[in-house]
Amino acid sequence: MTAKRDYYEVLGISRNAGSDEIKQAFRKLAFQYHPDKNPGADAADKFKEASEAYQVLCDQEKRQAYDRFGHAGVDGATRGFEGFGGMGSIFEDFYNFFGDAAGGRNASVRGEDIHVSLDLTFEEAALGADKEIRIQRSENCSVCHGSGAKPGTQPQSCPECKGSGRVQRVQQSLFGRFTNVISCPRCSGSGQIITDACPNCRGSGHERFARNINLSVPAGVDNGIRMQMSGQGHAGERGGMPGNLMVSIRVKPHEFFKREDSNIIYNLKVNFAQAALGVDLTVPTIYGDAQIKILAGSQGGEVFTLKGKGIPHFRRSGKGDQLVCLTVVTPSKLTKEQRSLFEELAVSFEAKKK
């Protein structure tokens with residue numbers, strides 16, 4: 001069994017520390033290791049140890065017994081941590097420091113975000129586009145303006161929490177009895193209840209509307225990019241700010257263009273004669289047709305670059321390029337005339353080798 005540490009050492013104070021210094025030292029450790037805020041066996045053990053030290057040293061009679069006889073002088077007086085004399089202000093500090101997770105009296109609550117997906121063509125994603133998004137969202141009631149109360153009436157103070165928005169609950173746990181401050185279950189932390197509900201929203205303070213939202217999609221967006229439209233989400237509670245509209249971009253595949261970062265890949269097919277003799281060809285780009293010169297003797301797999309014909313960089317200046325990848329196509333069927341010409345060409349190549 002591990003020996004108990006000295007209580008003064010646990011709190012990190014001298015043996016002549018005053019009551020205020022003891023309370024301050026425990027408050028610091030309690031904030032650090034409270035099991036509700038820092039789960040885990042190690043934190044729980046340290047919180048229990050600090051609580052036991054505080055219970056003894058904050059009580060003048062127990063402290064004198066401890067100073068004279070050590071742990072043996074207070075053995076049994078600390079078991080269970082019943083009562084926690086003088087610790088009420090400590091636990092009130094917990095509330096003020098961490099805050100009630102559900103909010104205190106009249107605490108405003110930000111509205112929920114709305115998540116939608118937006119499908120774009122390859123060109124729209126590359127060049128940007130103005131799009132209209134239709135959403136369903138909760139807004140403040142047009143009759144009660146979000147109060148939830150019938151016009152001409154006012155919400156009343158909650159009788160359970162007396163308008164504070166929070167109530168205390170005493171719980172027994174491994175560490176003893178704890179006074180827990182929670183959001184009032186009757187008024188949901190608002191401190192008010194509605195006795196005469198708005199007939200339009202039935203006391204919710206909100207009603208649902210279909211809205212068309214205009215979104216300007218910048219050039220260069222790609223699959224998976226999420227755009228945020230602040231304040232276009234659901235309405236908040238008790239005067240809270242509305243949430244945001246989160247738009248996830250999905251780009252449809254293109255018939256023949258492929259994207260690689262800000263570059264566009266285009267596969268250009270040419271026949272043997274064009275590759276051997278060279279040719280000027282027209283190729284498509286997202287900006288319109290462009291001319292490209294295939295040099296005589298070009299080989300399959302060669303890449304030609306059309307500078308600045310790629311996708312604009314997302315949220316910065318400049319553009320990528322269009323990379324034209326050359327593919328020399330071998331014909332699968334030949335006419336008699338073509339076969340004759342190829343045979344003559346083959347004979348010519350063989351004769352040239354000799």
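Throughout, residue positions are numbered sequentially from 1 according to the sequence presented.
- The distance from the CZ atom of Arg202 to the SG atom of Cys141 is 12.0 Å, given to the nearest 0.5 Å.
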Next item on the list: May I have the step-by-step check of salt bridge (Lys or Arg N to Asp or Glu O under 4.0 Å) for Lys309 and Asp321, ending in yes or no?
Entry: CA-CA 5 Å; Lys309 295 296 185 180; Asp321 303 322; over 6 Å; no

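- Applying the under-4.5 Å side-chain rule to Ile, Leu, Val, Met, Phe, Trp and Tyr, the cluster around Ile114 extends to Val116, Leu118, Leu120, Ile133, Ile135, Ile213, Leu215, Val217, Val221, Ile225, Met227, Met229, Leu245, Val247, Ile249, Val251, Phe314.
- Atom SG of residue Cys184 and atom NZ of residue Lys162 lie 9.5 Å apart, to the nearest 0.5 angstrom.
- For Asn271 (side chain) and Ala273 (main-chain N/O), a donor-acceptor pair under 3.5 Å exists by modelled atom type.
- Under 4.0 Å is where a charged nitrogen must lie from a carboxylate oxygen, and between Glu139 and Arg211 at least one such pair does.
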Item checked: Criterion side chain to side chain contact (heavy atoms under 4.5 Å, CB included) on Asn140 and His145, from CA distance to verdict -> CA-CA 5 Å; Asn140 285 336; His145 306 294; 5.7 Å; no

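- Take Phe304 and apply the ring-ring contact (aromatic ring centres under 6.0 Å, His included) test, not counting sequence neighbours, and it matches no residue.
- Remark: side-chain polar atoms of Gln322 are paired, donor with acceptor, to backbone N or O of Pro284 under 3.5 angstrom.
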Margin query: Using the rule given for side-chain hydrogen bond (donor to acceptor under 3.5 Å, both in side chains), can you reason through Glu207 versus Ser142, listing the C-alpha separation, both sets of side-chain angles and the distance that settles it, and then say yes or no?
Written below: CA-CA 8 Å; Glu207 56 182 320; Ser142 57; 2.6 Å; yes

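- The distance from the OH atom of Tyr266 to the CD1 atom of Ile292 is 9.5 Å, given to the nearest 0.5 Å.
- Ion pair Lys4/Glu52 flagged as a salt bridge, since at least one NZ, NE, NH1 or NH2 atom sits closer than 4.0 Å to an Asp/Glu carboxylate oxygen.
- Ionic pairing of Asp119 and Lys252 is not present here: no N-O contact between side-chain nitrogen and carboxylate oxygen is shorter than 4.0 angstrom.
- The distance from atom NZ of Lys131 to atom CG of Asn214, rounded to the nearest 0.5 Å, is 11.5 Å.
- One side chain, Arg137 or Gln232, offers a donor N or O that lies under 3.5 Å from an acceptor on the other.
- Between the side chains of Thr282 and Gln291, at least one donor N or O sits under 3.5 Å from an acceptor N or O.
- Between the His234 side chain and the Glu112 main chain, no donor and acceptor come within less than 3.5 Å of each other.
- The shortest distance between side-chain heavy atoms of Asp6 and Arg15 falls below 4.5 Å.
- Contact between Val303 and Cys325 at its shortest, heavy atoms only, is CG2-SG, 4.1 Å.
- When Pro155, Pro159, Ser157 are each tested for a side-chain contact (heavy atoms from CB on, under 4.5 Å) with Ile193, only one passes: Pro159.
- The nearest pair of heavy atoms linking Gln136 to Ala210 is NE2-CB, 3.4 Å.
- When every heavy atom of Ala17 is checked against every heavy atom of Ile22, the shortest pair comes out as O-CD1, 4.0 Å.
- Applying the 6.0 Å contact sphere to CD of Glu61 captures no more than 12 heavy atoms from other residues, nucleotides or ligands.
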Note to self: If you apply the rule side chain to side chain contact (heavy atoms under 4.5 Å, CB included), what do you find for Phe122 with Ile286, and how did you get there?
What the structure shows: CA-CA 9 Å; Phe122 189 93; Ile286 59 174; 4.2 Å; yes

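- Using a 4.5 Å cut-off on side-chain heavy atoms (C-beta onward), Tyr54 and Arg27 make no contact.
- Under a hydrophobic clustering in which Ile, Leu, Val, Met, Phe, Trp and Tyr are joined whenever their side-chain heavy atoms come within less than 4.5 Å, directly or via other members, Ile311 and Leu323 fall into different clusters.
- Formation of a donor-acceptor pair under 3.5 Å by the Arg68 side chain with backbone atoms of Gly70 is not found in this model.
- Hydrophobic cluster membership is shared by Tyr287 and Leu281, with clusters built from Ile, Leu, Val, Met, Phe, Trp and Tyr side chains linked at under 4.5 angstrom.
- Ile265 and Val328 end up in different hydrophobic clusters when Ile, Leu, Val, Met, Phe, Trp and Tyr side chains are linked at under 4.5 Å.
- For Arg339, the salt bridge (Lys or Arg N to Asp or Glu O under 4.0 Å) criterion is met by no residue, not counting sequence neighbours.
- A donor-acceptor pair under 3.5 Å is formed between the side chain of Asn244 and the backbone N or O of Gly231.
- In this structure, the side chain of Ser340 does not engage the main chain of Lys336 through any donor-acceptor pair within 3.5 Å.
- Using modelled atom types, one finds a donor on one side chain and an acceptor on the other under 3.5 Å when comparing Asp130 with Ser216.
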Check: Would Arg5 and Glu49 satisfy side chain to side chain contact (heavy atoms under 4.5 Å, CB included), going step by step from the backbone distance to the final call?
Finding: CA-CA 9 Å; Arg5 288 201 299 156; Glu49 182 183 48; 3.0 Å; yes

Check: When you look at Gln156 and Gln192, which way does the side chain to side chain contact (heavy atoms under 4.5 Å, CB included) test go after all the steps?
Finding: CA-CA 5 Å; Gln156 302 299 311; Gln192 298 177 326; over 6 Å; no

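- Atom OG of Ser147 is separated from atom CD of Gln154 by 7.0 Å, given to the nearest 0.5 angstrom.
- When every heavy atom of Glu160 is checked against every heavy atom of Pro185, the shortest pair comes out as OE2-CG, 3.9 Å.
- Between Tyr8 and Asp67, the side chains place a donor N or O and an acceptor N or O closer than 3.5 Å (distance only, hydrogens not considered).
- Using modelled atom types, one finds a donor on one side chain and an acceptor on the other under 3.5 Å when comparing Asn267 with Thr327.
- Here the NZ atom belonging to Lys150 is positioned 13.0 Å from the CG atom belonging to Asn200, to the nearest 0.5 angstrom.
- Here the side chains of His206 and Cys201 are not in contact, with every heavy-atom distance at 4.5 Å or above.
- Using a 4.5 Å heavy-atom threshold, the side chains of Val329 and Val270 count as separate.
- With a 4.5 Å cut-off on side-chain heavy atoms, Leu306 and Val324 count as touching.
- Between the side chain of Tyr7 and the backbone N or O of His71 there is no donor-acceptor pair closer than 3.5 Å.
- The same ILVMFWY cluster, assembled from side-chain heavy atoms under 4.5 Å apart, contains both Phe272 and Val279.
- Heavy atoms only, all atoms of each residue included: Gly203 and Ile194 are closest at O-CD1, 3.6 Å.
- Counting only heavy atoms from C-beta outward, the side chains of Leu268 and Ile294 approach each other to under 4.5 Å.
- The shortest distance between side-chain heavy atoms of Gln228 and Ser230 falls below 4.5 Å.
- The minimum heavy-atom distance linking Cys144 with Ala149 is given by the pair CB-O, 3.3 Å.
- At a threshold of 4.5 Å between non-hydrogen side-chain atoms, the residues His115 and Asp113 count as touching.
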